[in-house]
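As structure tokens, the structure follows; a few thoughts come after it.
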Amino acid sequence: MGGGGRGGRSRTQRKHFRQSRDNVWKRSKSDPNSNTNAPSNDPNPNPTWTPFATENASFDAYYKGQCIVQSTEWDHFVSVLRTPLPATFRINSSSQFSDDIRSQLQNDFVHSLRDEVAEGVESETEAIRPLPWYPGNFAWHSNFSRMQLRKNQTLERFHEFLKLENEIGNITRQEAVSMVPPLFLDVHPDHFVLDMCAAPGSKTFQLLEIIHQSTKAGSLPAGVVVANDLDVQRCNLLIHQTKRMCTANLIVTNHEAQNFPGCRLIRNHEVMEPGQHIGQLLFDRVLCDVPCSGDGTLRKAPDLWRKWNTGMGHGLHPLQVIIAMRGLSLLKVGGRMVYSTCSMNPIENEAVVAEVLWRCGGSVKLVDVSSEVPQLIRRPGLKTWKVYDKGTWLASYKDVPKYRRSIALASMFPSGSSYHESIDSDCNVEMGYDVTDDGVGGNAEDGVQEMVNTVVPESAEVSDFPLEHCMRIVPHDQNTGAFFIAVLQKVSPLPAMPEKTKKRIGKPCVEPPDQGHEGEQLLQVDSLESAEAVLETVPEENVEPPTVDVEVSPVTCEEKNSKETEEAHNVENTTKVPGKRKLQIQGKWRGVDPVVFFKNEAIITSIKDFYGINENFPFDGHLVTRNEDASHVKRIYYVSKSVKDVLELNFSVGQQLKITSIGLKMFERQTARQGSAAPCSFRISSEGLPLILPHITKQILRASPVDFKHLLENKDVKFEDFADAEFSKNAANLMPGCCVLVLGKGNEVGTEPIQVDDSTIAIGCWKGRARLNVMVTAMDCQELLERLVIRLGTENGSSVHGVKSSINVEGEEVQELNGKIDGDAVEVTEGLK
């Protein structure tokens with residue numbers, strides 16, 4: 001997840017979300033209690049080691065009081081929470097080998113692992129099985145935990161299979177409940193989709209799969225996915241995750257979710273420029289998977305048992321509301337937004353949804369999706385809950401002492417802010433909430449206190465909203481983690497509410513709206529106040545014609561020296577407006593490479609002529625680089641039309657979007673000696689090869705399965721060593737430089753034109769003076785060889801096993817081509833994806 005508030009105080013809440021929890025069921029190597037000198041054959045090498053405590057009295061008291069499950073099933077619920085989470089993974093349904101992998105699981109691993117069911121599971125339970133609620137048997141559940149997969153020698157083949165396919169991008173290892181939110185978004189291939197808090201990227205990958213489904217070879221869907229995260233390091237993780245998808249329909253941005261730019265170009269007095277396709281960045285679908293306390297992940301993160309306290313959820317509630325409101329403001333009328341958390345706390349779940357519905361005043365409705373994904377066991381959302389504050393259960397906001405009303409907020413109760421308005425209009429302090437290092441309001445001890453008063457009020461408020469349409473997934477229903485999901489639909493523009501004078505911790509300085517400038521309207525608050533202190537309904541401006549849904553940037557807090565408003569490097573590219581913040585006009589974000597449309601016609605023409613790329617493949621305006629110096633461009637990226645439109649809009653509004661990754665790497669400059677001597681200095685990237693393959697008419701060969709496999713096994717082969725003489729001749733006649741090798745059917749090379757479809761297997765090669773060299777990473781080479789064995793039905797895989805021993809599967813290159821024969825020096829820097 002991503003997102004977060006401005007300022008040092010608000011960012012401290014992220015410390016719990018940055019930690020990797022894959023291995024928390026065991027102590028780390030740096031654990032001071034570990035005994036590194038103990039002999040390896042000692043059955044108890046570290047007698048002082050104790051596992052994480054999987055109990056918390058405050059947790060039990062709190063959730064018993066909230067009645068998230070029936071009292072009769074509490075023991076079962078908690079017992080499942082205390083067991084490790086089984087491993088689950090999802091097959092990339094848009095992958096070329098998705099059907100092969102699914103068949104391999106069904107026909108091979110289901111049977112071979114039958115006798116290796118995880119310890120403690122009933123014998124009739126299958127070791128692995130498809131998740132019944134996920135479409136097409138593309139998601140699988142294993143009764144082995146991730147730790148068992150790593151440690152059990154009998155599971156080594158299955159574990160290596162998972163690691164390889166995950167690295168290649170054919171599968172994604174993902175928690176089962178994490179797969180659910182995208183299923184309820186109802187994404188279509190032509191949709192503009194925003195993932196507000198996207199890292200680490202598994203849901204983003206899932207959204208990309210959906211928009212790429214039914215896309216034919218050599219074409220791209222009309223939609224786009226914009227994946228955003230606040231943290232730069234998590235953005236890098238997001239980029240690594242989605243890079244395996246090899247898509248030209250993705251933009252990765254680095255913004256606070258609650259302040260995501262709307263890139264609004266059109267004002268009442270403006271008209272669109274010729275060729276301008278969009279005047280504002282609005283989305284058909286928004287995934288709002290907000291930062292949360294994460295107690296639904298206790299099974300994979302048992303360290304949360306000792307950290308858990310009631311303040312964790314209370315401290316994040318304001319941030320969750322403003323992120324959800326920002327998502328709705330960026331949503332088109334008729335669009336759908338999914339709000340989700342991996343928390344069980346109603347303060348983070350139903351309370352947020354109720355507050356959003358109240359603030360939207362009928363312009364947003366909660367969708368009943370109980371008939372969708374019928375095999376997924378889910379429970380209705382809660383209609384009533386309580387708030388625990390300062391050792392006391394509070395059934396209503398009227399029970400909150402006035403001095404605590406900036407901590408126990410009205411929006412946390414089922415009656416919501418509407419009740420707050422009626423009884424406390426004279427003290428309008430909404431979300432004036434100071435977030436401490438412990439993620440709780442006020443003093444740090446407020447959140448970590450023991451629950452001394454466990455007496456729950458007999459009666460509590462009941463929400464007027466249909467919160468039963470929300471979904472709660474609990475661990476003991478289908479052996480998963482816990483999750484909360486709400487599906488919201490925008491039925492009309494959000495109401496524009498007048499600003500109010502508020503009592504704040506800091507001293508606000510409100511500037512009047514500037515109707516004639518393209519700058520954002522900001523509520524500037526001094527740095528003592530965090531972004532969570534502002535929770536205002538995001539207004540939408542009434543525009544002409546009235547049917548157009550155009551939003552205004554939200555009223556937000558601005559902290560001096562914040563990352564979101566860093567000045568561009570080029571001072572001349574910034575315009576200083578008196579009384580306003582500096583506006584970026586065609587500037588660039590500090591520390592981020594610029595995004596530049598590539599328009600060097602000489603290079604583009606040489607590429608098109610060398611590879612014989614036909615005119616059906618659009619080049620104009622679809623090529624971008626991350627280098628302003630066109631003469632020193634190393635990589636050229638390809639973007640879809642939808643991404644191109646967003647880029648053009650971003651340039652028009654002064655580069656409001658901070659783009660960290662965009663497009664599909666299509667061409668890369670060869671810097672080795674032979675590369676510079678080739679007629680075309682740019683080779684086709686392995687990532688971009690599947691897209692451009694149907695449009696190539698030159699430098700392309702069809703090889704028999706025997707020669708194709710021979711080349712993969714030996715990495716570089718002399719022309720005379722190929723089995724097919726005709727193929728050897730054709731290879732020798734190619735121009736020196738990059739070429740493409742397509743796997744043919746049968747043992748004949750054939751002379752007819754090469755036909756490409758979704759099942760075509762192709763790799764990039766380098767044609768030297770006397771040989772062909774493959775440009776494929778070791779891991780991709782191994783994967784292709786195994787797919788060849790399966791597809792060709794060769795029972796004897798000795799040659800494949802032989803090549804495995806010479807392959808470093810950690811991602812190193814196939815070989816170092818040192819040019820010792822005929823000077824065939826090639827710089828191999830990437831593999832087939």
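Hydrogens, waters and symmetry mates play no part in the numbers below; they use all other heavy atoms, side chains included. If you're wondering where the values come from, they're calculated on a predicted model, not measured in any experiment. In this chain, numbering begins with 1 at the start of the sequence shown.
Each of His317, Gln320, His314 was checked for a side chain to side chain donor-acceptor pair (under 3.5 Å) with Glu348, and the lone residue meeting it is Gln320.
With salt bridges taken as basic N to acidic carboxylate O contacts below 4.0 Å, one links Asp284 and Lys332. For the pair Glu167 and Lys163, the salt-bridge criterion is not met [side-chain N within less than 4.0 Å of a carboxylate O]. Between Arg472 and Glu350 there is a salt bridge, with a side-chain nitrogen of the basic residue lying less than 4.0 Å from a carboxylate oxygen of the acidic one.
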Worked check of side chain to side chain contact (heavy atoms under 4.5 Å, CB included) between Leu488 and Val367: CA-CA 6 Å; Leu488 301 164; Val367 182; 6.0 Å; no

Go through the steps for Lys64 and Ser71 under the test side chain to side chain contact (heavy atoms under 4.5 Å, CB included), then give the verdict. CA-CA 7 Å; Lys64 281 182 179 179; Ser71 58; over 6 Å; no

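Side-chain contact annotation: Ser370 with His469, donor-acceptor N/O pair under 3.5 Å absent. Side chains of Arg82 and Ser79: no donor on one and acceptor on the other come within 3.5 Å. At a cut-off of 3.5 Å, with distance as the only test, no side-chain donor of Asn56 or Trp308 sits close to an acceptor on the other residue. There is a side-chain donor-acceptor pair under 3.5 Å between Asn479 and Arg299. Between the side chains of Ser178 and Lys203, at least one donor N or O lies within less than 3.5 Å of an accepting N or O. A side-chain donor-acceptor contact under 3.5 Å links Ser396 and Glu461. Using modelled atom types and a 3.5 Å distance limit, the side chains of Thr660 and Asn254 yield no donor-acceptor pair. Neither side chain, Tyr339 nor Asn349, offers a donor N or O lying under 3.5 Å from an acceptor on the other. Side-chain contact, Ser343 with Asn345: no donor N or O sits under 3.5 Å from an acceptor N or O. Using modelled atom types, one finds no donor on one side chain facing an acceptor on the other under 3.5 Å when comparing Gln489 with Arg336.
The ring of Trp358 has its center no closer than 6.0 angstrom to the ring center of Phe465. Side-chain rings of Phe59 and Tyr63 approach one another, their centers coming within less than 6.0 Å.
A donor-acceptor contact shorter than 3.5 Å links the side chain of Glu73 to the backbone of Gln70. Under the 3.5 Å distance criterion, the side-chain polar atoms of Ser142 are left unmatched by any main-chain donor or acceptor of Thr88. Of the possible donor and acceptor atoms, none in the side chain of Asp303 sits under 3.5 Å from a partner among the backbone N and O of Arg306. With hydrogens and angles ignored, the 3.5 Å screen pairs a side-chain donor or acceptor of Gln478 with a backbone N or O of Ile377. Checked by atom type and distance alone, the side chain of Asn228 pairs as donor or acceptor with a backbone atom of His255 at under 3.5 Å.
Under a cutoff of 6.0 Å and an axis angle of 45°, Arg244 and Phe205 form a cation-pi pair. Arg102 forms no cation-pi arrangement with Trp140, by the criterion of a distance under 6.0 Å to the ring centre and an angle within 45° of the ring axis.
Applying the ring pair (Phe, Tyr, Trp, His ring centres under 6.0 Å) test to pairs two or more places apart or on separate chains, those with a residue in residues 163-188 are His188-His191.
Across all non-hydrogen atoms, the minimal contact from Ile91 to Glu209 is O-OE1, 3.7 Å. Between Asn249 and Leu208, the shortest heavy-atom distance links the atoms O-CD2, 4.2 Å. When all heavy atoms are compared, the tightest approach of Trp393 to Gln66 is CZ3-NE2, 3.8 Å. The nearest pair of heavy atoms linking Trp74 to Val69 is CE3-CG2, 3.7 Å. Nearest heavy atom pair, residue Leu149 against residue Ala87, reads CD1-CB, 3.8 Å.
Scored by the side-chain hydrogen bond (donor to acceptor under 3.5 Å, both in side chains) test, Asp477 finds Arg379 as partners (sequence neighbours excluded). Residues passing the side-chain hydrogen bond (donor to acceptor under 3.5 Å, both in side chains) test with His159: none are found, sequence neighbours excluded.
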